[in-house]
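All values derive from a computational prediction rather than experimental measurement.
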Amino acid sequence: MVVANRLPVDDSVAPDGACEWRRSPGGLVSALHPLLQQHTPATWVGWAGGTGPAPMLADVDGVRMHTVPLAGDDVRDHYEGFANATLWPLYHDAVEQPVYHRRWWEAYQRINQRFAEAAAEAAEPGAVVWVQDYHLQLVPGLLRAIRPDLRIGFFMHVPFPPPELFMQLPRRAELLLGMLGADLVGFQRPQAAHNFAQLATKVLGLAATDRRIAVDDRVVRIGAFPVSIDMAEMEALATRPDVVTRAARIRRDLGDPQHMLLSVDRMDYTKGIEQRLKAYSELLATGHVKVRDTVMVQVAVPSRERVEQYQILRERVEREVGRINGEFGRVGEPAIHYLTQPFDRAELAALYRATDIMAVTPLRDGMNLVAKEYIAARVDNAGALLLSEFAGAAAEFPEAFLVNPHDLEGLKLTLMHALQAIPADLTARMTAMREQLRVNDIQAWARSYLTALDQSGNLVHRLTIT
Ligand code: ADP
Ligand code: F6P
């Protein structure tokens, strides 16, 4: 059983006002959904995206949907408030100021309790329950109190901050204790596990190493398990004849430029969209990049739209795209093609295959699965990946064009380097990145996490994870 804030489907409003079910945005669903659908029967406990009573949902690809209802004030205070205006900015190096409100904490406790009760109700005796991410940090502890028979895992998809930042949290002890209700607490990077161990000692006085923490009469294991993607799925898409044709069509529609540059992000201030636009605009201004030769496509799907920092970001990005197009575009030749629509997987695969340079420049990111999707889609071993040192993925791909997105001059230089790289260099880099990804795909992630969760090996065997 997976317990995550969101179900893999999201209740969106269709253009005619009707309710429409779409794949949920974000990396968590991209990682877990393909995994679960191969290992049915499985249950996913989560929120369906709307407010009000829980809708009855049919199974999705054989996975049972167990909906947790959220009312308007739950969404406001738990999801938009404590999760995305307190924890999210704090865990991402406080690149935006975290906001603290006592009523948000009350909502966080209430909603975590609701998720724990829903999981307790739906779990078979002795089941394995895998709780996901920063929205639900209290669930492992609450669930263990109701159902001590369960084996409980917790995985944090986002960075886990150093003590200097985490210590800001008014309810830091409760958050740590909640996570320690799990048998295994997983992070993306070893540094995050180290931060957690240090905090367990500093805040709770527990004996901790970077692998184990003693809590009462239990030992909680901790460790790094870098999340990944279903490489085979993306490769299959990227080789489909209609996708290959579509990729060629995209380039034609863009005016057959010499270089196509692509970015695909949720509209989030952690993704470094503004820094990227600034670098690109300066390269246009100095003539290092010319609109006719080079085309930039920025896909930025709106996210967390009622949170103030996200509204401000969207306005700033749209103003800047407008300014750049006004200043450097020509009739029929914009400098930046800016798209805010969600795309299906085949269209994303076509975009990845069409593009020469994929720019992934977050200021901080737990992993960044877009970078991995791009590598998976390049079955032709071509294309360049410009990748921020502050994305978890950077540790796995030293062959990418690594950048510090805070260093504008460095960003411009590295982008030019990627634009001017010779095909043989690009092929060597991409081949190495694809080998790394093939060995460390989503199956490998699940296998290593679940083996650590159930050291007997029975679980991995039962789920036939290859
Ligand atoms: P995060 O989890 O912060 O959103 P990731 O890069 O890890 O960041 O994951 C983003 C996921 O969302 C990827 O699987 C990507 O393909 C998907 N995605 C991003 N933009 C779109 C879009 N416009 N349409 C469809 N899927 C998108
Ligand atoms: O990766 C962090 C995360 O919050 C995931 O939980 C989720 O997949 C993604 O970002 C999208 O965010 P949201 O669920 O707020 O739309």
According to ring pair (Phe, Tyr, Trp, His ring centres under 6.0 Å), who are the partners of Phe82, at least two apart in sequence or on a separate chain?
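By the ring pair (Phe, Tyr, Trp, His ring centres under 6.0 Å) rule, Phe82 matches Trp105, Tyr108.
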Looking only at heavy atoms, what is the nearest atom pair of [X] and [Y], with distance?
X      : Y      : answer
Leu199 : Pro161 : CD1-O, 4.2 Å
Pro140 : Gly178 : CB-O, 3.3 Å
Ala376 : Val379 : O-CG1, 4.0 Å
Arg144 : Gly181 : NE-O, 2.5 Å
His259 : Leu419 : CE1-O, 3.3 Å
Ala359 : Leu261 : CB-CD1, 4.4 Å

Spatial distance of atom [atom1] ([X]) from atom [atom2] ([Y]) [nearest 0.5 Å]:
X      : Y      : atom1 : atom2 : value
Arg364 : Asp268 : CZ    : CG    : 14.0 Å
Thr361 : Asn404 : OG1   : CG    : 10.5 Å
Leu36  : Trp130 : CG    : CH2   : 9.0 Å
Glu282 : Lys412 : CD    : NZ    : 4.0 Å
Leu408 : Leu413 : CG    : CG    : 10.5 Å
Asn5   : Trp47  : CG    : CH2   : 6.0 Å

Do the side chain of [X] and the main chain of [Y] share a donor and acceptor less than 3.5 angstrom apart?
X      : Y      : result
Asn325 : Pro334 : no
Glu389 : Ala394 : no
Thr239 : Ala236 : yes
Asp133 : His157 : yes
Glu305 : Gln311 : no
Arg172 : Met167 : yes
Asp183 : Gly153 : no
Thr286 : Leu283 : yes
Arg189 : Ala224 : no
Thr355 : Leu351 : no

Full working for side chain to side chain contact (heavy atoms under 4.5 Å, CB included) between Glu399 and Gln436
CA-CA 10 Å; Glu399 302 83 5; Gln436 156 71 17; 5.8 Å; no
Taking Gln132 as the fixed residue, which of Leu28, Val29, Val139 is the one that meets the side-chain contact (heavy atoms from CB on, under 4.5 Å) rule?
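Filter result, single survivor: Leu28.
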Positive for salt bridge (Lys or Arg N to Asp or Glu O under 4.0 Å) with Asp265, one of Arg276, Lys271, Arg314
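So, applying the salt bridge (Lys or Arg N to Asp or Glu O under 4.0 Å) to Asp265 and each of Arg276, Lys271, Arg314, only Arg276 qualifies.
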Can you tell if the side chain of [X] reaches within under 4.5 Å of the side chain of [Y], non-hydrogen atoms only?
X      : Y      : answer
Leu169 : Tyr100 : yes
Trp104 : Glu80  : no
Glu373 : Met358 : no
Met179 : Val131 : no
Val2   : Val63  : no
Pro89  : Gln97  : no
His92  : Pro362 : no
Pro8   : Met65  : yes

If you apply the rule side chain to side chain contact (heavy atoms under 4.5 Å, CB included), what do you find for Ile222 with Phe154, and how did you get there?
CA-CA 10 Å; Ile222 65 174; Phe154 179 82; over 6 Å; no
One pair to check against side chain to side chain contact (heavy atoms under 4.5 Å, CB included): Leu143 and Val3. What are the steps and the verdict?
CA-CA 11 Å; Leu143 184 55; Val3 185; 5.5 Å; no
For Asp242, enumerate each residue passing the salt bridge (Lys or Arg N to Asp or Glu O under 4.0 Å) test, keeping only those at least two apart in sequence or located in another chain.
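Here the qualifying residues are Arg240.
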Any chance the rings of [X] and [Y] have centres within less than 6.0 Å?
X      : Y      : result
Phe166 : Phe196 : no
Trp88  : Tyr310 : no
Phe225 : Phe187 : no
His135 : Phe115 : no

Would Arg316 pass as a cation-pi partner of Tyr269, given that its NZ or CZ must be under 6.0 Å from the six-membered ring centre and within 45 degrees of the axis?
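Geometry flag: not set, cation outside 6.0 Å or 45°.
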Taking the inter-plane angle between the rings of Phe155 and Trp445 on a 0 to 90° scale, is it parallel (under 30°), tilted (30 to 60°) or perpendicular (over 60°)?
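The arrangement is perpendicular - the two ring planes meet at more than 60°.
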Could you tell me whether [X] and [Y] make a salt bridge, using a distance below 4.0 angstrom between a side-chain N and a carboxylate O?
X      : Y      : result
Lys372 : Asp441 : no
Asp230 : Arg345 : no
Glu435 : Arg438 : no
Asp356 : Arg251 : yes
Glu320 : Lys278 : no

Which residues pass the side-chain contact (heavy atoms from CB on, under 4.5 Å) test with Ala400, not counting sequence neighbours?
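Expected list: Leu385, Leu387, Phe397, Leu402, Met433.
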Arg218 atom CZ: more than 12 heavy-atom contacts under 6.0 Å
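Enclosed: over 12 neighbouring heavy atoms sit under 6.0 Å from CZ of Arg218.
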If you draw a 6.0 Å radius around CD in Glu308, do more than 12 non-hydrogen atoms from other residues or ligands fall strictly inside?
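For Glu308, atom CD is not crowded (no more than 12 foreign heavy atoms under 6.0 Å).
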Does one side chain, of Asp210 or His194, offer a donor that lies under 3.5 Å from an acceptor on the other?
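Looking only at side-chain atoms, His194 and Asp210 do form a donor-acceptor pair, the distance falling under 3.5 Å.
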Before you tell me yes or no, could you show the steps for Val317 and Leu313 under side chain to side chain contact (heavy atoms under 4.5 Å, CB included), namely the whole-Å CA-CA distance, both residues' side-chain angles and the distance that decides it to 0.1 Å?
CA-CA 6 Å; Val317 165; Leu313 174 76; 4.0 Å; yes
